[in-house]
Amino acid sequence: MAYRAVRNTFLTTMAAVGALTIATGPAQAQVEIIAVMTPEQGTDFGWNQQGVDAARAAGEAMGVEVITAEGLGYGDVRPTLRELAGEGADLIIAHASGYNTAAPEVAHETGVAVAIVDTPEAVEPGLIADYTLSGHDGAYLAGILAANMSRTDTVGIVVSGEPPSWNSQSAGFALGARAANPDIDIIYAVIGPAAYADAAGGRRVTESVIAAGADIIFGQGNGSTFGMLQAIETTPAVDGEQAWFIDVIGDKSSIDTGFLLSSVVWDLEPVYTAMIDDLNNGDFGAVGYEIGLEDNSVVLLQTEYIPPATWTELMEVRQAIIDGAVDVPAIFDAQEVRALMTTVDASE
Amino acid sequence: MSGLLSDAFLISLVAGAIAAGIPLLLAGLGEQVSEKAGVLNIGIEGMMLLGAYTGFYVAFLSGSLWLGFLGGAAGGLILALLMALLCVRLGLNQIVIGIALTLGADGITALLHHVQFSRTYPRLPAVDTLPIPLLSQIPIIGPGIFDRHPSVYLAIIAVFVLVWVFRRTNVGLNLQAAGDKPAALDAAGVSVTTTRTLAVLFTGMMAGLGGAYMSMIGAGIFIPFMTGGAGFIAIVLAMLARGHPTWVLYGALLFGVSLSLTTALQVGGVNVPTDVVQMLPFAMVMLVLVIFARRSALPAALGLPYVRGQR
């Protein structure tokens, strides 16, 4: 009798466990190690630093080990990807648009999940996720700021390439500037097809844009940004007064010499944290990622050079964007971005 | 708004063309000497980058651009010594070694920058210029070309010094022979190895100067990977110029002018894709040099190590 009771209990328990297993499927492996790869050192006060810092912060928050591979350049990173996979990374964040061909290849080869940028069409559930992000809401605020503070009614946008994330910010800046001053002229210049580290090119092009009348430059360029900053510091605007610089992604206040008006600062930690969560939950590659004003993953940097009244106005617009009263479209296509710009009048 | 045809804008375009062209000119002249002697110096990109770093570093520490140029030349020379040792003395593959040196320079300069400057990103102040009397008064072109840092004038003078060396001196003849008929040079009692070694060292020095110009004057700052393939463009210029220093000058200036033209087209709002506009410098330089320099020939022994008695 006792034997039968024990046997029945055992069989019932086994059946219940079996049913539960069938119902929930195999258990998801927990992420223990993530790796982040950047083309330049994570100390550029911009894209690369944001990638590295955010990965470390996300790792700390989630109790995950973080391996960083910085300064990898813009060439073939397949050996590094394989090495990181070999070191046990459960997720490799390939933090450069130039890596979005190699990373998926190595993901297929090794089975290690990768996160890439600027290639949403490459996503594969469980293996490849895209985190093409846009700070266009913040750039819209920067555009309003620039239009309000421009003395020459001409602002410039200088970029070292046209990846989707930057295109949407260029568009956001132009829309914001136009909203604040419909008559403002917006000059747009690309340094090169992928001139991310071309500091000399950044300086050369920025000097020309300033000479064409712009007194505020919205610059997006990784390493080339420092060339833009150098041009701002050494080239007065056409009215003889100083020009101003508005940066993106990072905060260069600590190295500013009096020319940094603001920056559209990103925080990628929520994105990377969500990625780890998604990988743990089996949603990786099936969901998208966003940054924005509401959770402060995009903020406009306040500096001492922005008048208080202007800042108050900017914060009102920020709230209006969050509330949905102001809609800033995310425009990722380069052709559409260029269509938003005005040009310098050759007849003048 | 000042307008597309304002003096300030046009002067900035001319000055920009010079700023972009001078590093290519210096590196291209160096590459030409190396190629003339029979050594294809693929490592010139790395030599430029190391020169850019050492030049900026010395200028930043000393406050002197001239010392910076010395530092830049020394930086290029260090890599050139390795190139000479491995390719000329030991006869290793010039392309493989050149690529290895470039990758090595990428890494070492990025590391040094990370250690020294990555938290501060120091910038150099605007450079002093030397206006040439009368010429600098010419509208647009005057301030754009004849009111530059003296190193610009010296770079252009170097072109004509090299023309003279190639045409009028034994050194020029030796270089030509080392590249075309090294066995004949050897038979004449001149060391091919020494001739090629000196040529490679000169190349490194010139590439280092080009890199130093780029970081100190072109950008005013050093950034890892900042040469961005300029060394490879210099190789193309030198190969297409095929032994004529003046063609390197034309090619470098044409490249610089084309870059400025791309800026002008964009600022002017020409409605074509940016990628097409950005191709312009490369397409123009190749087209012009291929058309006008096609009769010249590259050295017969270019890229081949010399071993006495071996055919």
Side-chain angles (χ1 to χ4, degrees), chain A residues 39-41 43-45 70-71 73-75 152-154 156 162 185 187-193 195-205 207-213 222-224 226-227 229-231 233-235 238 252 254-255 257 334-335 338-339 341-348, chain B residues 1-13 15-17 19-20 23 103 106-107 110-111 113-114 117-127 213-215 217-228 230 259-260 262-264 266-271 273-275 277-279:
Chain A
E40 297 174 27
Q41 290 293 338
T43 50
D44 65 346
F45 296 91
E70 306 168 46
Y74 299 91
T152 59
D153 284 340
T154 305
E162 292 185 305
D185 285 301
I187 301 170
Y188 180 71
V190 185
I191 301 166
Y196 300 115
D198 187 359
R203 182 177 183 175
R204 175 175 51 77
V205 172
E207 284 177 348
S208 292
V209 172
I210 292 172
N222 286 11
S224 64
F226 292 98
L229 199 52
Q230 175 77 342
E233 291 172 346
T234 56
T235 312
V238 290
K252 292 188 175 67
S254 63
I255 58 167
T257 55
Q335 194 95 15
R338 286 192 290 271
M341 311 299 167
T342 50
T343 65
V344 180
D345 187 349
S347 64
E348 288 184 27
Chain B
M1 183 168 37
S2 59
L4 189 59
L5 296 181
S6 72
D7 282 2
F9 181 63
L10 295 175
I11 290 169
S12 82
L13 290 180
L103 293 175
D106 278 352
L111 178 67
H113 176 269
H114 179 65
F117 299 130
S118 64
R119 303 289 171 188
T120 54
Y121 284 89
R123 278 93 71 191
L124 298 177
V127 299
Y213 182 93
M214 184 183 277
S215 62
I217 297 176
I221 188 170
F222 177 83
I223 296 293
F225 314 114
M226 68 180 297
T227 47
L259 277 179
S260 282
T262 63
T263 306
Q266 292 181 79
V267 171
V270 174
N271 192 20
T274 312
D275 290 338
V277 175
Q278 299 290 348
M279 279 196 304

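Just so it is clear, the model here is predicted, and its values are computed rather than measured. Order of the sequence lines sets the chain letters (A, B, ...), proteins ahead of strands, with each chain counted from 1.
Expressed to the nearest 0.5 Å, how far CZ of A/Phe226 lies from CG of A/Asp44 amounts to 6.0 Å.
Not counting sequence neighbours, A/Asp198 has no partner by the side-chain hydrogen bond (donor to acceptor under 3.5 Å, both in side chains) test.
Heavy atoms of A/Gln41 lying under 4.5 Å from chain B belong exclusively to its side chain. Neither the backbone nor the side chain of B/Leu103 comes within less than 4.5 Å of any heavy atom of chain A.
Ring pair B/His113/B/Phe222 is tilted by interplanar angle, where 30° to 60° counts as tilted.
Comparing B/Ala110, B/Gly16, B/Ser118 by heavy-atom pairs within less than 4.5 Å of chain A, the highest count is held by B/Ser118. With respect to chain B, the highest number of heavy-atom pairs below 4.5 Å among A/Ala199, A/Ser208, A/Gly227, A/Gly223 belongs to A/Ser208. For chain A, the option among B/Leu124, B/Leu111, B/Thr227 with the highest count of heavy-atom pairs below 4.5 Å is B/Leu124.
A/Glu40 approaches A/Asn222 most closely through the heavy-atom pair OE2-CB, 3.8 Å. A/Ala231 and A/Arg203 make their closest contact through CB-O, 3.6 Å (heavy atoms, listed as atom of the first residue, atom of the second, distance).
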